[in-house]
Amino acid sequence: MMDAEWRKRLHVGDWIDALDLGYRWYPALIVKETPNQIKISYDGWSDQYDEWMARFSPRITLFGSHMKGSSVRETVEKDELHDVTDDGDPSNPLDNGNQRFAV
């Protein structure tokens, strides 16, 4: 499915991968929507971190395309996560190589 079509079909209850303001990808649930925006809730994080994003924001992508495996909450506690740097994805201008992994 083309990117524009996928984004138009996003609805409340859908899971996506979302880039937070700290440039880390997390699984996120769509909790509200308008024709042009979606409100997301990052998995395992308080609703104070929920945010509205444009449907065509480069900060959202298909679920599982950046976050692999289980949710952050199911895998480790937040205080067990550590920021590390890898080579990143040179084809993705938003992937600066910063990722969050359990150690």
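Remember, it's a predicted structure, so these values are computed and weren't measured experimentally.
- K8 meets the salt bridge (Lys or Arg N to Asp or Glu O under 4.0 Å) test with E5; sequence neighbours excluded.
- Not counting sequence neighbours, the partners of E51 by the side-chain hydrogen bond (donor to acceptor under 3.5 Å, both in side chains) test are Y42, R59.
- Side-chain heavy atoms closer than 4.5 Å link hydrophobic residues (I, L, V, M, F, W, Y) into clusters, and following such links, possibly through other members, connects I30 to L62.
- The main-chain N or O of E33 is never found under 3.5 Å from a side-chain atom of R55 such that the two would form a donor-acceptor pair.
- Hydrophobic clustering (side-chain heavy atoms under 4.5 Å, transitive across Ile, Leu, Val, Met, Phe, Trp, Tyr) groups Y49 together with I60.
- Side-chain N or O atoms of R7 include one that pairs as donor or acceptor with a backbone N or O of S57 at under 3.5 Å.
- S41 and V31 get closest at one heavy-atom pair: CB-CG1, 3.8 Å.
- Residues I16 and I38 form a side-chain contact, since some pair of their non-hydrogen atoms from C-beta on lies under 4.5 Å apart.
- Between D43 and W15, the closest side-chain pair of non-hydrogen atoms falls below 4.5 Å.
- A search for ring-ring contact (aromatic ring centres under 6.0 Å, His included) contacts involving F56 returns nothing, not counting sequence neighbours.
- Interatomic distance, L10 CG to F63 CZ, rounded to the nearest 0.5 Å: 13.0 Å.
- Partners of T61 according to the side chain to side chain contact (heavy atoms under 4.5 Å, CB included) rule, which considers only residues two or more places apart in sequence or in another chain, are D17, W25, S65, H66.
- With sequence neighbours excluded, no residue satisfies side-chain hydrogen bond (donor to acceptor under 3.5 Å, both in side chains) with D20.
- Between A18 and I40, the shortest heavy-atom distance links the atoms CB-CD1, 3.6 Å.
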